[in-house]
Amino acid sequence: MTNFADLGLSQKVLSAVTDAGYTTPTPIQAGAIPPALQRRDILGIAQTGTGKTASFVLPMLTLLEKGRARARMPRTLILEPTRELAAQVAENFDKYGKNHKLNIALLIGGVSFDEQDRKLERGADVLICTPGRLLDHFERGKLLMSGVEILVIDEADRMLDMGFIPDIERIAKLIPFTRQTLFFSATMPAEIQKLADRFLQNPERLEVARRASTATTVTQRFVAAHAKDYEKRATLRDLIRAQDDLKNAIIFCNRKKDVADLFRSLDRHGFSVGALHGDMDQRSRMAMLANFKDGNIKLLVASDVAARGLDIPDVSHVFNFDVPIHAEDYVHRIGRTGRAGRSGASFTLVTKRDIKFADAIEKLIDQKVEWLNGDLSELPEPMESHDNRRERGRDGRRDRKKDVERSSKGRSDRRPDTATADSAAEIEPVVERAEAVKPQRNTDTSKQGHAGRNDRLGRAQSAANDDNRDRRSRHRRDYDDGPTPIGFGDEIPAFMLIVGKA
DNA sequence: AAAAAAC
């Protein structure tokens, strides 16, 4: 009913919005834009995918048409929890600000200071920042906050999760009290409410319905899997191959190391795949995301850095290689598909030790998730010790002892084709398993033997690190079971990490 | 059981 033209936005903004193909504002936009244009504070309770970003970008553009930026004195400041989100907001300013001549500066970590500094010096109308880099510039005396008229705090609840609140408070103290503050959060726990009370003056409060915790257009399935990485990877590959309507997919892992490992495994198995996690260098992160958005890469293996906020339209599938530990993350992850009423599919590999997290998910979304090919009780048990007297062992709950006590006896029902990666036994205390199969060349599990080393190296995904990796692994092409493509051995050239496969 | 963010 409402039209963008009715909200009080300037002609320049309206024409850019029209050019972008939009006529009808989303509820958060219709609600937030008019009061924002009247310089009111806003408390917006909205998730990504609700049009939240445009709800502050559009009025800011209109308001910024009056006045000019002075050197080192930005006029507006937007705080974002992750670099990608910040970059995405910057893209929005480019898109809707194309009729303006505004200076937009993106201040995020992982990239050089100099260019950012030049933009600051020239005078920025809009600063889009992650907190750390902003404070870094400030401490170097490159920046005066006293001219900031509008402060945007985006994804406040996530900032809280990430421990950014002290930084945010510090930054807010540097900005004049007379500012206008636009505050957004997906949820409103007590701490966030307290923060909002302190930062905002008589705000216009807007709440848009939480996107149905799990969109009804998304098919959700649990898939029973064994806990061993190589078995999970085989299960995942089968699953991916079984999808005939797969256009592109995000595959989530809980840990950065697993993102790196799974990426390499899938790459070796000939999938068109990229990786994204926070320890990758920023250029790779950006390039990877761009390549995924452009369709140059079909699969993106990612940490939860990609779970929220990132605007990647049209993902047909989401795979959870790991069950997220926090159930809300599940909602965010599978929210990457089935957007804007389209259909999507999500699959979550569940191992025995994940049961309690899977239960928590079902509780949170208040629905049962169907199992794809039978639940865990129907999955052949690869190794169950007869010595295990603990009654709870059977009902699927975690039993720590079992992991180190399993004997080779219980291995008869093991799927023979998954037995290749047993060199894990070389490094695990479970010595008696080794004789069950002939020794294999190697698998990535061998890397666990150098875990400390890899941890210290940290940036497991960067090309530089590939070069640094244990030289002994050079000849170990058998990354895991199954045929491997002829290719690059263990050294994947950096450009492959960036552009993916043809 | 983690990830994210400043150098």
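Within every chain, numbering begins at 1; the chains are lettered A, B, ... in the order of the sequence lines, protein sequences first and strands thereafter. Just so we're clear, the structure is a prediction, and the values are computed from it rather than from any experiment.
For A/Gln282, the side chain to side chain contact (heavy atoms under 4.5 Å, CB included) test picks out A/Arg83, A/Glu84, A/Ile108, A/Val111, A/Arg285, A/Met286, with sequence neighbours left out.
A/Thr351 places no side-chain N or O within donor-acceptor distance of the main-chain N or O of A/Ala227, the cut-off being under 3.5 Å.
Whole-Å rounding puts the A/Ile168 CD1 to B/dA4 P distance at 18 Å. Rounded to a whole Å, the CG atom of A/Leu160 is 18 Å from the P atom of B/dA4. For the pair A/Phe113 CZ and B/dA5 C1', the interatomic distance rounds to 13 Å; values are reported in whole Å. The nearest whole Å value for the distance from the CG atom in A/Asp281 to the P atom in B/dA4 is 14 Å. With rounding to whole Å, A/Asp329 atom CG is found 12 Å from B/dA1 atom C1'. Summarising the geometry, the separation between CZ on A/Phe321 and C1' on B/dA1 is reported as 14 Å, rounded to the nearest angstrom. Regarding A/Leu276, its CG atom lies at a distance of 12 Å from the C1' atom of B/dA4, rounded to whole Å. Note: CZ (A/Arg170) to P (B/dA6) measures 14 Å, nearest angstrom.
Counting non-hydrogen atoms under 4.0 angstrom, A/Asp322 reaches nothing in the nucleic acid. Residue-level contact check: A/Asn254 touches the backbone only, with heavy atoms under 4.0 Å from sugar-phosphate atoms and none from bases. Among the protein residues, A/Gly110 comes within range of the sugar-phosphate backbone only, with heavy atoms under 4.0 Å from sugar or phosphate atoms but none that close to a base. A/Arg285 comes within contact range of the sugar-phosphate backbone alone, with a heavy-atom separation under 4.0 Å but no base atom that close.
Taking only side-chain nitrogens and oxygens, A/Arg83 comes nearer than 4.0 Å to OP1 or OP2 of B/dA6. Of the side-chain N and O atoms in A/Lys256, one or more sit less than 4.0 angstrom from OP1 or OP2 of B/dA4.
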Check: residues 140-154 of chain A side-chain donor-acceptor pairs under 3.5 Å, at least two apart:
| unit_1 | atom_1 | unit_2 | atom_2 | d |
| --- | --- | --- | --- | --- |
| A/Arg140 | NE | A/Asp136 | OD1 | 3.2 |
| A/Asp154 | OD1 | A/Lys52 | NZ | 2.9 |

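The base of B/dA3 does not come close enough to the side chain of A/His277 for any donor and acceptor atom to sit less than 3.5 Å apart.
Among the nucleotides B/dA6, B/dA1, B/dA4, the one closest to any side-chain atom of A/Met162 is B/dA4. Of the candidate nucleotides B/dA5, B/dA2, B/dA4, B/dA4 has the atom lying nearest to any side-chain atom of A/Ser303.
Proximity of A/Leu134 to A/Ile171: side-chain heavy atoms (C-beta onward) are separated by under 4.5 Å at one or more points.
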*Test ring-ring contact (aromatic ring centres under 6.0 Å, His included) on A/His332 and A/Tyr330 and set out the steps.*
CA-CA 5 Å; A/His332 289 292; A/Tyr330 175 84; over 10 Å; no
